[in-house]
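Working notes, structure below.
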Amino acid sequence: MKLPAEFFDRDVLFVAPELVGKLLVRKTDDGEVVKLRISETEAYRGEEDKACHASKGRTPRTEVMYKYPGSIYIYLIYGMYWMLNIVTEKENVPQAVLIRSAGDYGGPGKLTKALKITKDLNSLNISDCSLLWIEDDGYVPDIAVAPRIGVDYAGEEWALKPWRYIDKRN
DNA sequence: TCTCCGATTCACT
DNA sequence: GTGAATCGGAGAA
């Protein structure tokens with residue numbers, strides 16, 4: 001059921017589309033368990049990807065992306081929204097999948113707000129965490145691809161990569 | 001220290 | 001379609 005760390009020990013371009021349709025499970029501090037089906041993800045791939053935070057190299061902030069596959073990377077954007085990512089590939093290869101929407105929540109900021117996800121989950125491993133994990137219940141999505149959102153600053157070459165994955169069945 | 005700006009969302013015009 | 005909210009990371013000074 002719970003996806004193991006090995007699932008994430010592959011290139012992000014394989015992992016990101018395969019996460020679509022999986023169940024994101026969140027257990028809040030008060031013990032409430034919520035399961036949401038992931039309907040949209042994006043891939044951020046290494047230091048050469050100008051849209052990836054790791055394009056700036058290894059810094060305190062991007063350190064998590066260089067860690068073991070399955071590590072949870074969470075950061076604050078625009079001073080108000082937490083973004084949820086899962087690190088892929090072996091150690092020292094900085095790649096991550098952004099969970100863009102799941103269940104009834106469209107938009108990464110709304111998703112993390114609904115699930116009460118903040119930086120205190122940062123750097124934990126999603127394969128070995130009692131507060132957040134991912135399950136496979138056999139659902140098969142119908143995937144469409146599109147350019148990533150909000151990364152125009154990275155230049156056309158990277159902004160136009162079809163690295164966003166959407167479940168057309170929703 | 002100081003300045004710039006972002007993997008977003010929402011309220012307006 | 002435009003702009004504000006809001007703050008920490010990264011780089012320059």
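Chain letters run A, B, ... following the sequence lines, proteins first and then strands; every chain starts at 1.
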Requested in this report: Using the P atom as the reference point in each nucleotide, state the distance between C/dA5 and B/dT13 in Å, no decimals.
Outcome: 15 Å
**Report entry** Side chain A/T41, main chain A/L98, donor-acceptor under 3.5 Å
**Finding:** no
Query raised in the report: For atom P, what is the distance between C/dT6 and B/dC2, given to the nearest Å?
Result: 22 Å
Requested in this report: Sequence neighbours left out, what passes salt bridge (charged side-chain N to carboxylate O under 4.0 Å, His left out) with A/D137? Give chain and number order.
Outcome: A/R37
Query raised in the report: If you write DNA chain C from 5' to 3' in dot-bracket form, with Watson-Crick or G-U pairs under 3.5 Å, [ ] for crossing pairs and | for pairs with another strand, what do you get?
Result: |||||.||||||.
Query - C/dA13 versus B/dC5 - spacing of their P atoms, nearest Å - result: 14 Å
Report summary line: Whether each nucleotide of nucleotides 2-9 of chain C has a protein heavy atom under 4.0 Å at its base (B), only at its sugar-phosphate (S) or at neither (-) is summarised, 5' to 3', as ---BBB-S
Report task. Only one of A/I74, A/I72, A/L124 passes side-chain contact (heavy atoms from CB on, under 4.5 Å) with A/L132; say which it is. Result -> A/I72
Query raised in the report: Of all residues at least two apart in sequence or in a different chain, which pass the salt bridge (charged side-chain N to carboxylate O under 4.0 Å, His left out) check with A/R148?
Result: A/D49
Query raised in the report: Looking at residues at least two apart in the chain, or sitting in another chain, which of them share a salt bridge (charged side-chain N to carboxylate O under 4.0 Å, His left out) with A/R45?
Result: A/D11, A/E48
Review item, side-chain donor-acceptor pairs of residues 139-147 of chain A, under 3.5 Å, at least two apart:
{"residue": "A/Y139", "atom": "OH", "partner": "A/D167", "partner atom": "OD2", "Å": "2.5"}

Considering only distance and modelled atom types, tabulate donor-acceptor pairs under 3.5 Å from the side chains of residues 89-96 of chain A, sequence neighbours left out.
{"residue": "A/N92", "atom": "OD1", "partner": "A/R58", "partner atom": "NH1", "Å": "3.0"}
{"residue": "A/Q95", "atom": "OE1", "partner": "A/V12", "partner atom": "N", "Å": "2.8"}
{"residue": "A/Q95", "atom": "OE1", "partner": "A/T88", "partner atom": "OG1", "Å": "3.1"}

Report task. Using the six-membered ring of A/F7, assess whether NZ or CZ of A/R10 lies under 6.0 Å from its centre and within 45 degrees of the ring axis. Result -> yes
Report task. Pick the C1' atom in B/dA7 and in C/dG1, then give their distance to the nearest Å. Result -> 22 Å
Requested in this report: Could you name each residue pair satisfying side-chain hydrogen bond (donor to acceptor under 3.5 Å, both in side chains) that touches residues 150-166 of chain A, not counting sequence neighbours?
Outcome: A/E40-A/R164
Requested in this report: Quick one: which residue pairs count as a ring pair (Phe, Tyr, Trp, His ring centres under 6.0 Å) with a foot in residues 41-70 of chain A, not counting sequence neighbours?
Outcome: A/H53-A/Y75
Query raised in the report: Partners of A/T59 by side-chain hydrogen bond (donor to acceptor under 3.5 Å, both in side chains), sequence neighbours excluded?
Result: A/T62
Query raised in the report: What parts of residues 96-117 of chain A reach DNA chain C, counting only heavy atoms under 4.0 Å away?
Result: none
Query raised in the report: So, do A/K168 and A/I166 sit near enough that their side-chain heavy atoms are less than 4.5 Å apart?
Result: no
Query raised in the report: If you count the non-hydrogen atoms of other residues, nucleotides and ligands that lie under 6.0 Å from NZ in A/K2, is the total more than 12?
Result: yes
Report summary line: Contacted region of DNA chain B by chain A, from 5' end to 3' end of the hits, cut-off under 4.0 Å to heavy atoms, spans B/dG6 to B/dC10
